[in-house]
Amino acid sequence: MHILHCDLDAFFASVEQRDHPELKGKPVVIGAPPNSRGVVSTCSYEARQYGIRSAMPSSQAYRLCPQAVFLPPDMKRYQEESRKVFNILAEYTPVIEALSIDEAFLDLSGSHSIWGSSMAIGHHIRHRVKSELGLNISVGISTNKFLAKLATNLCKPDGIMEFTDQMVVDLLPTLSVDNLWGIGSVSAQRLNHSGIYTVQDLLDAPEQLITSLLGSNTGFILGLAKGIDNRPVTPYEETKSIGNEITFPKNVSDSLAIEQVLLRLSEKVAYRLRRAQLKSHTITVKLRTPDFHTLSRSKTCPTAVNDSRSIFDVARMLYQQSGQEGKPLRLVGLTAGRLQGSEYEQLSLFANSGPDISSVIDRLNQKYTSGTIIPASLLDNHERNQ
DNA sequence: TCTGGGGTCCTAGGACCC
DNA sequence: TCTGGGGTCCTAGGACCC
């Protein structure tokens with residue numbers, strides 16, 4: 001039992017309730033405002049009693065509980081609190097895999113001689129996060145990642161649980177299939193349609209049927225169903241893509257307005273690439289129509305780039321070739337993929353000379369609000385005249 | 001009821017190469 | 001005139017996770 005999973009309870013909402021005592025005991029919803037097109041990011045357990053859930057449209061959350069307090073997320077604060085939590089975790093093992101801002105796996109195989117059993121470490125962590133940061137963190141312990149996370153999900157909020165070998169035999173088979181990592185709503189529905197509802201149903205079904213429903217994931221999923229998961233705790237994963245997207249308050253048809261948005265997204269993505277010392281070979285533009293149909297168009301270039309001009313040029317071309325010019329859109333996104341370290345950059349035979357304007361912009365952006373400084377040379381005349 | 005934003009991974013067809 | 005087999009890369013779409 002050397003894998004520990006921990007998950008901060010209703011993290012964003014808990015930080016707000018801790019810092020604003022008048023919110024304690026009240027339904028608090030962190031996310032987009034109710035009159036917008038956004039969704040709920042997190043909500044307090046009081047709000048969950050009304051049926052409010054993460055990813056639910058804020059408008060629906062409002063209808064379920066009009067008296068709820070709706071707050072926009074303050075990601076800077078949450079990042080800071082998250083950092084403090086991870087600093088505590090790092091005292092118990094160097095092998096930590098962050099799953100998100102509020103969740104992590106710890107491999108404790110080297111920690112027992114100093115700190116005792118996994119259960120003892122779990123209690124330690126929970127006590128310290130509570131007393132030092134005023135936050136509840138739930139802890140699951142088991143022999144692998146899947147079972148540890150399952151334990152957390154079963155014991156939260158404010159709980160600790162060890163998922164034992166006996167529970168693999170007695171409890172796991174009784175759970176619904178969507179408890180398995182990788183079974184989302186589509187796969188769950190597919191399985192249900194074939195009469196498969198529980199993990200036991202899955203184990204009893206002919207493997208050929210499961211393969212026809214789940215494809216190449218079948219082996220991994222059937223392993224989980226038996227409590228087997230050989231994935232290691234991996235402290236560092238290389239970034240594969242960097243992207244930003246925006247959903248408009250109202251659909252936008254004007255192609256010049258869309259191009260301006262693409263320009264701002266290019267600047268944002270380029271800045272993030274440079275901060276990560278990365279360049280990208282593949283630019284992808286994502287467009288979503290009012291009927292929620294999503295298209296993507298991508299282009300791979302021989303030279304990797306991380307300046308907004310190059311990215312914007314590709315993005316604009318992809319938009320213009322998408323057949324969506326002048327048509328209403330509800331979302332526009334831009335992603336840079338096929339990344340490589342910019343320090344290994346090959347010198348182009350025809351490299352541009354001249355001052356590196358990007359680094360000047362980066363310094364200004366760091367000083368002021370990120371993404372606000374855009375060189376006028378990137379703007380077309382019609383934009384400058386507006 | 002009306003669906004965010006950040007990602008990862010997989011599939012499948014077509015181009016292209018040997 | 002009729003045409004393989006293996007491999008890689010690119011593109012588009014979609015499921016899934018937090």
Side-chain angles (χ1 to χ4, degrees), chain A residues 5-12 29-42 51-64 72-73 75 78-79 82 97-105 145-146 149 152-153 156 177-191 213-221 224 231 234 237-249 251 265 268-269 272 276 281-302 314 318 321-323 330-339:
Chain A
H5 174 260
C6 51
D7 191 340
L8 288 149
D9 298 329
F11 179 41
F12 301 171
V29 177
I30 312 297
N35 57 352
S36 76
R37 279 174 156 181
V39 300
V40 173
S41 181
T42 327
I52 299 175
R53 294 286 179 271
S54 293
M56 171 184 285
S58 294
S59 55
Q60 192 184 346
Y62 179 76
R63 278 192 301 276
L64 287 171
M75 292 312 294
Y78 310 150
Q79 286 287 359
S82 171
E97 177 179 344
L99 266 154
S100 68
I101 191 168
D102 62 355
E103 233 182 295
F105 285 113
K145 284 202 208 178
F146 166 60
K149 185 166 162 65
T152 309
N153 290 339
K156 73 191 328 193
V177 284
D178 58 357
N179 282 285
L180 300 173
W181 203 92
I183 301 289
S185 58
V186 174
S187 298
Q189 272 205 323
R190 244 178 243 165
L191 291 166
L213 297 170
L214 302 180
S216 70
N217 222 2
T218 303
F220 176 66
I221 300 282
L224 297 185
R231 293 171 301 168
T234 37
E237 288 284 352
E238 220 164 271
T239 304
K240 305 237 167 50
S241 67
I242 288 176
N244 287 96
E245 62 185 53
I246 180 165
T247 294
F248 307 125
N251 298 339
L265 291 173
K268 251 187 170 175
V269 169
R272 292 178 61 199
H281 277 285
T282 306
I283 302 300
T284 303
V285 168
K286 175 170 157 184
L287 307 171
R288 181 169 289 152
T289 57
D291 63 1
F292 221 70
H293 182 70
T294 307
L295 320 83
S296 70
R297 293 292 179 269
S298 64
K299 171 101 187 121
T300 297
C301 305
V314 176
L318 289 168
Q321 292 175 352
S322 71
R330 65 173 287 146
L331 171 148
V332 172
L334 175 61
T335 297
R338 262 202 63 189
L339 306 179

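Residue numbering restarts at 1 for every chain, and letters A, B, ... go by the order of the sequence lines. Because the structure is a prediction, the values reported are computed rather than measured. No hydrogens, no waters, no symmetry mates; every other heavy atom, side chains included, goes into these values.
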Q) Any donor-acceptor pair under 3.5 Å linking the side chain of A/S58 with the backbone of A/A32? A) yes

Q. Heavy atoms under 4.0 Å, any strand shown: does A/G31 hit a base, just sugar-phosphate, or nothing?
A. nothing

Q.
Partner lookup for B/dC10, please. Criteria are Watson-Crick or G-U wobble with both distances under 3.5 angstrom; report none if nothing qualifies.
A. C/dG13

Q) Is there a donor-acceptor contact under 3.5 Å from the side chain of A/T282 to the main chain of A/R338? A) no

Q) Counting side-chain heavy atoms from C-beta on, which of B/dT3, B/dC10, C/dG13 comes nearest to A/S296? A) C/dG13

**Q.** Opposite nucleotide pairing with C/dC18, Watson-Crick or G-U, both atom distances under 3.5 Å
**A.** B/dG5

Q) Ignoring hydrogens and geometry, is there a side-chain-to-backbone donor-acceptor pair from A/H5 to A/F105 under 3.5 Å? A) no

Q.
Could you tell me how far apart A/R288 (CZ) and C/dA12 (P) are, to the nearest whole angstrom?
A. 17 Å

Q: With P as the reference atom in both, quote the distance from C/dA15 to B/dG4 in angstrom, rounded to an integer.
A: 16 Å

**Q.** Protein-nucleotide distance (A/F12, atom CZ; C/dC18, atom C1'), rounded to Å
**A.** 9 Å

Q) Out of C/dC16, C/dC18, B/dG5, which has the shortest distance to the side chain of A/S185? A) C/dC16

Q. Rounded to whole angstroms, how far apart are NZ on A/K299 and C1' on C/dA12?
A. 15 Å

Q.
Please give me the minimum heavy-atom distance between A/G31 and A/P73, naming the atom from each residue.
A. O-CD, 3.8 Å

Q | Length of the line joining A/L224:CG and C/dC16:C1', which is rounded to integer Å | A | 14 Å

(Q) Can you identify which nucleotide, out of C/dC16, B/dG5, C/dC18, has its nearest atom closest to the A/V186 side chain? (A) C/dC16

Q: Select base, sugar-phosphate, or nothing to describe what A/N244 touches, counting heavy atoms under 4.0 Å on all strands.
A: sugar-phosphate

Q: Among the candidates C/dT11, C/dG13, B/dG5, find the nucleotide nearest to the side-chain atoms of A/I246.
A: B/dG5

Q.
If you assign A/G38 and A/T239 each to the DNA chain B nucleotide with the nearest heavy atom, which residue ends up on the more 5' nucleotide?
A. A/G38

Q: Specify the separation, in whole Å, of atom CG of A/L331 and atom P of B/dG4.
A: 8 Å

Q: Check the distance between C/dG14's C1' and A/K286's NZ and give it to me in whole angstrom.
A: 11 Å

Q) So what does A/I101 hit on the nucleic acid, given a heavy-atom distance under 4.0 Å: a base, only sugar-phosphate, or nothing? A) nothing

**Q.** Residue A/W181, side-chain heavy atoms: nucleotide from B/dT3, C/dC16, C/dC17 that is nearest
**A.** C/dC17

Q: With DNA chain B as reference, determine whether A/K240 or A/S216 sits nearer its 5' end, using the nearest nucleotide of each.
A: A/K240

Q. Could you state the CZ-P distance from A/F292 to B/dT3, rounded to the nearest angstrom?
A. 7 Å

Q: Select one nucleotide: of B/dG4, C/dC18, C/dA12, the one nearest the side-chain heavy atoms of A/S298.
A: C/dA12

Q. Rounding to a whole Å, what distance do you find between A/R53:CZ and C/dC18:P?
A. 15 Å

Q) So, does A/R297 use its side chain to make a donor-acceptor pair with the main chain of A/L318 at under 3.5 Å? A) no

Q.
Please confirm whether the shortest side-chain N or O distance from A/T247 to OP1 or OP2 of B/dG5 is below 4.0 Å.
A. yes

Q.
Mind checking if A/Q60 touches a base, just sugar-phosphate, or nothing, with heavy atoms under 4.0 Å?
A. nothing

Q) Which nucleotide in the set B/dG5, C/dA15, B/dT8 lies at the smallest distance from any side-chain heavy atom of A/S187? A) C/dA15

Q. Salt-bridged, A/R288 to A/E245, with N to O below 4.0 Å?
A. no

Q: Looking at every strand, decide which applies to A/E103 at a 4.0 Å heavy-atom threshold: base, sugar-phosphate, or nothing.
A: sugar-phosphate

Q) Can A/Q321 and A/V285 be said to form a side-chain contact (heavy atoms from CB on, under 4.5 Å), step by step? A) CA-CA 11 Å; A/Q321 292 175 352; A/V285 168; over 6 Å; no

Q.
Just to be sure I understand the rule, does A/T284 reach a base, reach only the sugar-phosphate, or reach nothing, if contact means heavy atoms closer than 4.0 Å?
A. nothing

Q: Compare the minimum distances between each of C/dT11, C/dC18, C/dA12 and the side chain of A/S100, then state the nucleotide with the smallest one.
A: C/dC18

Q) Between B/dT8, B/dG5, C/dG13, which nucleotide gets closest to the side-chain atoms of A/S241? A) B/dT8

Q. A/R297 has a side chain; which of C/dC10, C/dG13, B/dT1 sits nearest to it?
A. C/dG13

